[in-house]
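Structure first, commentary second.
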There are 2 protein chains.
Amino acid sequence: MSSDSTPQSKANQATIAYKLLKQDIINGVHQPGDKLLMSHLKESYDIGAGPMREALSQLVADRLVTAISQRGFRVAEMSLEELTDIYDARAHLEAMITELAIERGDEDWEATVLGEAHKLARVNEINTPDEMLEVWDSRHKAFHTAIAQGCGSAKLLELRASLQDQAERYRHLWLKKTVFSQSALEEKRREHADMVDALLTRDTVKAKQLMYEHLISPIPIIKQLML
Amino acid sequence: MSSDSTPQSKANQATIAYKLLKQDIINGVHQPGDKLLMSHLKESYDIGAGPMREALSQLVADRLVTAISQRGFRVAEMSLEELTDIYDARAHLEAMITELAIERGDEDWEATVLGEAHKLARVNEINTPDEMLEVWDSRHKAFHTAIAQGCGSAKLLELRASLQDQAERYRHLWLKKTVFSQSALEEKRREHADMVDALLTRDTVKAKQLMYEHLISPIPIIKQLML
DNA sequence: AAGAATAAAAATGTAGATATTTTTAAATAA
DNA sequence: TTATTTAAAAATATCTACATTTTTATTCTT
């Protein structure tokens, strides 16, 4: 039966360990700078050293882990500098992708964006604050992804995904410690509405600016949390 | 002394194999779509299966190799679509980075760019056509890297490097089959001079446009070679 | 020819051997 | 004593050789 939660039926051990460890690093189970001891990892993820190294190599490529030959692996450090760099790079990249999406997006793209925006705006109808945040986050991501898809470039979308992955640890910091006020939510909703408007009227300059500002706005908030 | 040919004194087997295999893929020793048989790889690179898998995983992250669980590894396919996507994405990204470099670059940046441009322009003094092409390529890369450094974002430079890596196979196709005419070389020289001029006068719009056009210009030529 | 059974090839994983680094303790010198 | 070097031990990372599982090719059967 293919009714398991993991769509790919027969992932190998390295892939399984990669996903678990990545999630654990993003969620802060392993803290920045922590030594990733092979003996400990082998036990935690119930796996041999070979596949474990394979998983670690991939995380090094993702920049979530650092390696020094003969001295093993560590969780990559986090810093205010990196936070700023990731978010700023992401904002610039996403603004550029938005410009291309406006230029290249067809009617299907418009429809999808509109649909995701609608779903996102309706999130406040769910009440449990904990559940709300999770659903809001997932729909928020879907909304932005829908916009980005319009650019039509697989490579640019890959770069975007890479930065998004690297931002996750910082973003997680924010999501776990923030309680959304109704007014903050309302402000976000307006930002998104303005963005949809700029996209559909094909106002490139405005859309780029809104996107850039939307994406760098969490920087000062996360900076606070890191001090 | 740090002047040995192998900069990192004690790289592990996986790292060594990664570099060798990557180079072999870029240089077409292993062709797109080729099966990378473990038994063959082990022999070629004189290494065990564990470290070899580690190297392959990293190349999967680089998009130079594809993997299917339980069915091994293959050299990633090449296609006209991917060629266009990589080069277009690269051109857009580099144009954006150029804009930031103009905005953020200081006097040291200007000086470095000017210096690299000078070295590049003087390449034609070398005569062996074979040697010439190699030196020209390396200085050309150095010139563009010098420009990009001005953006000051480590993350954007990483994204740039990633696309450049992926473009290498296509670029290699071009470099190996092209003999530079004196006029073609002269045209490039003029393009670079114009670019330096736009950069130093901080003419953002012009610099972006020149950069974009400079980077997409090889597309039709490489397309020809791929047919 | 289509399908099942079998054999061969290949990928993946495990356990233990080897090499390197880090820690600890002892010895030496200031 | 205090600091520094040296030597040994422990911990750790890495690699190899072999075992297991899965896929692919071949043969056999109907």
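Values below: all heavy atoms of this structure, side chains included; hydrogens, waters and symmetry mates excluded. Every chain is numbered from 1, with letters handed out A, B, ... down the list of sequences. Quantities reported herein were computed from a predicted structural model and do not represent experimental measurements.
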Within this structure, what is the CZ-to-C1' distance between R53(B) and dT14(D), rounded to whole angstrom?
17 Å
Determine the minimum heavy-atom distance between M52(B) and M38(B), stating which atoms define it.
CG-SD, 3.7 Å
In whole angstrom, give the distance that lies between atom CD of Q70(B) and atom C1' of dG13(C).
10 Å
Spacing of M38(A) atom CE relative to dT20(C) atom C1', expressed in whole Å:
14 Å
In whole angstroms, the gap separating C1' of dT16(D) from CD1 of I47(B) amounts to 11 Å
Taking the side chain of Q13(B) as its heavy atoms from C-beta onward, which of dT23(D), dT16(D), dA13(D) lies nearest to it?
dT16(D)
Winner on side-chain proximity to P51(B), out of dT16(D), dT21(C), dT12(C), is dT16(D)
Exercise: do Q70(A) and K10(B) side chains pair donor with acceptor under 3.5 Å:
no
Indicate whether any N or O donor in one side chain lies under 3.5 Å from an N or O acceptor in the other, for Y212(B) and K208(B).
no
Nucleotide of dT14(D), dT24(D), dG13(C) approaching N12(B) most closely (side-chain heavy atoms)
dT14(D)
Here the distance between atom P of dT12(D) and atom CE of M52(A), to the nearest Å, is 16 Å
Can you label the angle between the H30(A) ring and the Y45(A) ring as parallel, tilted or perpendicular, going by 30° and 60°?
tilted
Atom-to-atom span, CG of L41(A) to P of dT14(D) - whole angstrom:
12 Å
Please pick, from dG13(C), dT12(C), dT24(D), the nucleotide with the shortest atom-to-atom distance to any side-chain atom of R71(B).
dT24(D)
What is the distance from CZ of F73(B) to C1' of dA9(C), rounded to the nearest Å?
17 Å
Donor-acceptor pair between S162(B) and D165(B) side chains, under 3.5 angstrom
no
L37(A) side-chain proximity, nearest of dA13(D), dG13(C), dT12(C):
dA13(D)
Specify the separation, in whole Å, of atom CG of L36(B) and atom C1' of dA10(C).
13 Å
Give K35(B) one of three labels, base, sugar-phosphate or nothing, depending on what nucleic acid heavy atoms sit under 4.0 Å from its own.
sugar-phosphate
